[in-house]
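Note sheet for the following structure.
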Amino acid sequence: APTLPILPHHLIARDTPFNSSLPNITIFATGGTIAGSAASNTATTGYTAGALGVDILIEAVPELWNISNVKGVQVANVDSGAITPEILLNLTSMIQEALDDPYCQGAVVTHGTDTLEESAFFLDLTIKTDKPVVVVGAMRPATAISADGPMNLLEAVTLAGSPEARGRGTMVVLNDRIGSAFYMTKTHSNALDTFKASEQGYLGFFLDTKPLFYYHPVLAIGREYFNVSGATELPEVDILFGHQVLNPKLARSAVESGAKGLVLAGMGAGGWTSAGTNEIEDLVKEYGTQVVVSSRTMGGFVQTDGSENMYGGQDLNPQKARIMLQLALYAGYSSKQLVTLFG
Ligand SMILES: NC(=O)C[C@H](N)C(=O)O
């Protein structure tokens with residue numbers, strides 16, 4: 001992936017007087033369709049993601065000032081396919097610093113939806129706070145008729161400033177729904193109701209932009225904290241997709257080009273072909289590669305079969321298992337700790 005420059009912090013203050021009775025929320029903007037601009041107001045494909053700055057996103061929703069003292073920080077302005085570990089590490093440290101300030105009540109991250117679940121999961125595992133961290137995107141560019149970004153942003157900021165939102169980890173907001181970053185995943189390439197956590201369900205929804213929760217604050221089982229302060233890069237972990245007669249050499253090529261870990265998006269409950277399995281076992285012996293087995297079905301549970309350096313991704317989908325393995329390898333987890341982390 002191309003390495004993109006990280007833009008300098010771009011703090012936007014507005015003339016609106018500070019209202020001490022409202023929560024102070026910082027919006028960290030990274031790009032995506034929520035900041036996308038198309039040539040026509042009916043275009044919902046073929047537009048430029050990450051075209052508008054955070055100041056324009058905030059100016060488009062003056063209602064934000066009725067519910068918060070909002071501040072914008074431009075972290076990057078890219079399509080979410082271009083998000084790198086460097087951007088994620090920078091984002092984590094900026095959010096941690098903002099939330100460690102007792103005057104800041106919550107953080108919102110605007111992000112492209114394609115890889116939103118990866119970044120949201122990363123933030124969930126690397127930020128230590130009880131305060132709300134809310135990741136929000138949009139499916140229609142800002143220039144479209146009925147763009148969903150402005151309402152999503154207003155709801156995300158409302159959630160970030162709500163005392164009832166504390167202690168729930170990082171959350172994802174789109175289409176009037178609130179979900180845990182641990183489980184929310186993009187399920188449709190085009191529809192507005194694309195983010196779902198089918199087995200685990202939503203945490204709540206919005207009524208007149210006010211968050212209503214189904215449960216008291218709770219965190220996902222298996223949610224670990226990884227301290228990445230000072231990290232400048234993360235170990236490479238690649239995902240391989242399982243299918244009939246898959247090319248077993250793809251695993252070798254990933255490892256020999258730098259992958260320290262592999263995630264197998266296996267068939268069913270983590271199945272792999274026998275030629276592929278032999279190759280993985282060889283790689284484990286030759287390079288000490290760590291392998292998490294997940295499922296291409298995107299649902300259900302994968303357990304370990306006890307093979308050396310192979311772990312079950314449990315109910316993490318492959319893209320979330322990749323982030324978890326990357327962080328665990330960064331933290332220097334031993335095989336024994338990886339068994340406990342995954343299963
Ligand atoms: N809806 C979106 O945000 C998609 C866009 N390609 C992105 O992920 O940046």
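Indexing begins at 1, ligand by ligand and atom by atom, following the structure's order. Everything quoted here is computed from the prediction, not taken from an experiment.
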### Message
So for Gly36, does at least one of its heavy atoms come nearer than 4.0 angstrom to any atom of ligand 1?
### Response
no
Note the single closest protein heavy atom to [atom], along with its residue, its atom name and the distance in Å.
{"atom": "atom 8 (O) of ligand 1", "result": "Ser80 OG, 2.5 Å"}
{"atom": "atom 1 (N) of ligand 1", "result": "Thr113 OG1, 2.6 Å"}
{"atom": "atom 4 (C) of ligand 1", "result": "Thr33 OG1, 3.2 Å"}

[atom1]-[atom2] distance between [X] and [Y], expressed to the nearest 0.5 angstrom:
{"X": "Leu174", "Y": "Asn152", "atom1": "CG", "atom2": "CG", "result": "4.5 Å"}
{"X": "Glu86", "Y": "Leu91", "atom1": "CD", "atom2": "CG", "result": "12.5 Å"}
{"X": "Asp208", "Y": "Thr158", "atom1": "CG", "atom2": "OG1", "result": "11.0 Å"}
{"X": "Leu325", "Y": "Leu316", "atom1": "CG", "atom2": "CG", "result": "11.0 Å"}

Under 4.0 Å from a heavy atom of [X]: give me the atoms of ligand 1 that qualify, with their elements.
{"X": "Gly112", "answer": "3 (O), 7 (C), 8 (O), 9 (O)"}
{"X": "Gly32", "answer": "9 (O)"}
{"X": "Asp79", "answer": "5 (C), 6 (N), 7 (C), 9 (O)"}

#### Entry: Ala49 N/O to ligand 1 N/O under 3.5 Å
no
### Task
Please indicate whether Gln303 has more than 12 foreign heavy atoms, meaning atoms of other residues, nucleotides or ligands, lying under 6.0 Å from its CD.
no
Side chains of residues 117-138: which donor-acceptor pairs under 3.5 Å do they make with residues two or more places apart or in other chains?
from	atom 1	to	atom 2	distance (Å)
Glu117	OE1	Thr185	OG1	3.2
Glu117	OE1	Lys186	N	2.9
Glu117	OE2	Thr185	OG1	2.6
Glu117	OE2	Asn317	ND2	3.1
Glu117	OE2	Gln319	NE2	3.0
Glu118	OE1	Arg322	NH2	3.4
Ser119	OG	His111	NE2	2.7
Asp124	OD1	Thr170	N	2.9
Asp124	OD1	Arg223	NE	2.7
Asp124	OD1	Arg223	NH2	3.2
Asp124	OD2	Arg223	NE	3.3
Thr126	OG1	Thr92	OG1	3.0
Thr126	OG1	Phe122	O	2.8
Thr129	OG1	Lys131	N	2.9
Lys131	NZ	Leu99	O	2.7
Lys131	NZ	Asp101	O	3.1
Lys131	NZ	Cys104	O	2.8

